[in-house]
Amino acid sequence: MLRTLKVSTMDLKVGMYVSELDRPWLETPFNMQGFRLDSPEEIDHLRSFCSFVFIDMYKSRNEVYPQLKSYPHYIQSHRGSLHGTYQISGTSTSTGYISPKRPSGTAIEEIFPGRGLKPYSDTSDWKEETAQAWLVLDALIDDVNEIFEHVRDGGTINVLRLKKAVESVIASMSRNPDACIWLARLKQHDQYTYQHALSASIWAVALGRQLGLSRQDLRSLSIGCILMDVGKLRIDSDLLRAPGPLSEEKAGKMREHVGHGIQIVQESGITNQDVLDIVAHHHERFDGSGYPEGLLGDNIPAFARIAGIVDTYDAVTSERAHSPAVSPSDAIRLLYNSRDREFQAELVEVFIQAVGIYPAGSIVELSTGEVGVVVSESRTQRLKPRVMLLLDERKSRLPEPRTIDLSELVDDQELAPTVIARSLEPGAYEIDLSQLEV
C-alpha cells in the first residue's frame with residue numbers, strides 16, 4: 001500500500017514525519033532515519049534546505065493524517081529514486097555508494113527505548129575546542145596506560161579513575177566532537193591494544209552524541225569501548241603480534257579474550273549492564289555470524305551493536321600486525337556495504353552522519369590538485385569538510401600548513417568549485433599524521 005506523499009516544504013505542518021528529502025541526506029544536518037516536525041521553527045529550518053520532501057503518512061501524528069489524505073497525489077518512495085547515488089570514496093577502485101534512504105527501517109527511538117534521546121548542538125568551534133581536547137586526551141592516555149598496566153600485572157581496573165578520566169573527554173565532545181576526533185588520529189600509541197581502546201572510545205561517543213544519548217549513556221559507551229578488548233592483556237603477546245591470517249586454533253585462542261575481558265570487568269566490581277554488554281558482545285554480528293554466542297539482530301544489546309561498528313572501523317583504519325590500514329573513507333564504504341549483514345543499517349548511517357564521508361584523518365586530494373588532511377566535518381554539508389592543506393598542486397610541501405573550510409568557500413562562476421576529488425591511502429606522499437602539529 002502506498003504510504004508516502006510528496007509535499008512542498010511551504011505546505012508542511014507540525015506533526016508530519018519526513019521520511020525522505022529532495023537531496024542527499026549528508027548534504028543536510030538532518031537524521032537519515034527520518035524525523036517528525038515538532039515546531040514551526042523546524043519547518044523553517046527544513047525550508048532553508050529543501051523545496052519538497054516526502055512525508056510518511058503512517059508515522060505522522062494522527063491530527064495531520066486527514067490533511068495528508070486530502071493531498072491529490074501519492075508517491076511511493078523508493079531507495080535512490082529521487083537523486084540516485086553518490087560515491088563514498090573518490091578512489092579509483094571504489095565501488096561503494098550511499099543512497100539517500102531505505103524505504104523502511106527501524107526508528108532510532110525503537111532501538112533505544114526509554115533513553116530520552118535529545119539532539120546536541122555545538123557550543124564551541126573546532127579551533128576553540130582543540131586546546132582543551134589536547135589536554136583531556138593526554139590525561140586519558142596517561143590514565144588508560146596505568147590502568148591497563150596494572151591489569152597486565154594481575155590487578156583489577158581502577159573504576160573511579162577511569163570514570164573520572166572519561167568525563168572530561170565526554171564534556172569536550174559534547175561541546176564539539178571534532179577536536180577529539182581529529183586529535184585521536186594524531187596521538188599514536190606504540191601498543192595497538194591501548195591505541196585501539198582510546199580511539200574506539202572516541203568514535204563511540206561521537207556516534208552516541210549523534211544519536212542524542214544522555215551524558216550518562218555516553219560515559220557507559222566510552223568506558224565499555226575502552227574496556228572491550230581488555231581481555232587481550234591475558235592473551236599471549238606473540239599471538240597478538242602474529243603476522244598474517246591466524247590458523248583456526250590460534251583464532252580460537254584469540255577469541256578467548258572476550259571471556260577474559262568479562263572476568264576482568266566483573267572482578268573489578270563493574271555492574272553497569274551496558275558496559276558488560278559491550279565487553280561480552282562487541283564481536284556479535286547482526287546476521288548472527290559473530291561470536292561468542294552467534295546472537296542475531298535485536299538479540300544483540302544495542303550498545304554492543306555500536307561497539308561492533310566502532311571496533312571494526314578503528315581496526316581497519318589502524319596498522320596491525322596482520323593487516324595494513326585502509327583509508328577512513330574506504331572504511332566507511334566497508335561499513336556501509338555491510339549494513340544489515342554484519343551491522344545494523346540505521347546505526348551505520350548514524351555513524352556516517354557523525355563522522356562524515358571523509359572522517360578526520362582522511363588524506364585527500366582536492367580538485368585543485370592540492371593535498372591535505374581532513375580535520376573536521378561540516379554539520380550541514382558533510383561532503384565539504386575542513387581540510388589542512390599540506391601539499392600544493394604540484395605535490396610540493398607547503399612552507400606552513402593552511403586550513404580551509406570547503407563549506408565556506410565562495411564558488412567562482414567562471415571556475416569549477418573546489419571539492420574533494422579523491423581519498424588517498426594512509427601514508428600517501430609520506431604524510432605522517434603523528435608528526436603533524438596543531
Side-chain angles (χ1 to χ4, degrees), residues 129-173 177 179-206 218-242 254 257-258 260-270 272 275-276 278-279 282 307 310-311 313-315 317-321 325 360-361 432-438:
E129 195 61 41
T130 298
Q132 183 66 21
W134 191 275
L135 295 175
V136 300
L137 280 180
D138 272 344
L140 180 61
I141 289 170
D142 289 342
D143 288 328
V144 169
N145 281 347
E146 292 191 24
I147 289 169
F148 274 32
E149 287 301 322
H150 186 61
V151 173
R152 184 186 293 278
D153 292 338
T156 57
I157 299 163
N158 187 331
V159 181
L160 291 179
R161 183 174 183 179
L162 185 55
K163 285 182 177 179
K164 185 177 179 180
V166 303
E167 281 297 338
S168 297
V169 175
I170 292 169
S172 176
M173 294 194 67
C180 278
I181 290 174
W182 162 238
L183 293 176
R185 295 288 299 174
L186 268 60
K187 292 179 176 292
Q188 297 297 313
H189 198 287
D190 58 356
Q191 292 197 43
Y192 170 73
T193 299
Y194 292 27
Q195 177 67 37
H196 182 54
L198 294 163
S199 299
S201 173
I202 297 298
W203 297 120
V205 173
L218 294 183
R219 183 171 64 243
S220 297
L221 267 179
S222 179
I223 292 174
C225 287
I226 285 174
L227 298 178
M228 63 183 169
D229 281 336
V230 71
K232 287 185 178 179
L233 298 176
R234 294 185 179 174
I235 297 293
D236 187 334
S237 59
D238 289 338
L239 179 58
L240 295 176
R241 293 193 297 265
M254 183 71 81
H257 81 272
V258 173
H260 292 317
I262 295 170
Q263 183 178 8
I264 292 169
V265 169
Q266 290 176 337
E267 288 174 350
S268 302
I270 295 176
N272 182 312
V275 173
L276 294 172
I278 289 172
V279 175
H282 63 282
V310 302
D311 179 42
Y313 174 79
D314 189 70
T317 55
S318 303
E319 288 289 340
R320 294 172 288 169
D432 184 351
L433 297 184
S434 66
Q435 299 301 312
L436 296 180
E437 295 184 3
V438 179

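One is the number of the first residue; the rest follow in order along the sequence.
For the pair H150 (side chain) and E146 (backbone), a donor-acceptor distance under 3.5 Å is absent. Judged by distance alone, the side chain of D236 and the main-chain N or O of D238 form a donor-acceptor pair under 3.5 Å. Remark: side-chain polar atoms of S268 are paired, donor with acceptor, to backbone N or O of I264 under 3.5 angstrom. When atom types are taken as modelled, the side chain of T317 and the backbone of D314 share a donor-acceptor pair closer than 3.5 angstrom.
Counting heavy atoms from C-beta on, the side chains of W203 and D311 never come closer than 4.5 Å. Using a 4.5 Å heavy-atom cutoff, the side chains of V230 and H260 are not in contact.
The distance from the CG atom of L433 to the CG atom of L183 is 11.5 Å, given to the nearest 0.5 Å. Atom CD1 of I262 sits about 14.0 Å away from atom CE of M228, to the nearest 0.5 Å. Atom OH in Y194 sits 7.0 Å away from atom CZ in F148 (nearest 0.5 Å). Here the straight-line distance linking atom CG of L276 with atom CD of Q266 works out to 6.0 Å at 0.5 Å rounding. Taken from CD1 in I226 to CG in D143, the straight-line distance is 9.5 Å, to the nearest 0.5 Å. If you take CZ on R152 and CG on N145, they are separated by 10.5 Å, rounding to the nearest 0.5 Å.
Between R161 and D142, the shortest heavy-atom distance links the atoms NH2-O, 4.3 Å. When every heavy atom of R185 is checked against every heavy atom of G361, the shortest pair comes out as NE-CA, 3.9 Å. In plain terms, the two heavy atoms of V279 and G261 that are nearest each other are CG1-C, 3.6 Å.
Residue L198 is tested with L137, V169, L140 for a side-chain contact (heavy atoms from CB on, under 4.5 Å); the sole match is L140.
Contacts of D229 classified as salt bridge (charged side-chain N to carboxylate O under 4.0 Å, His left out), with partners at least two apart in sequence or in another chain: K232.
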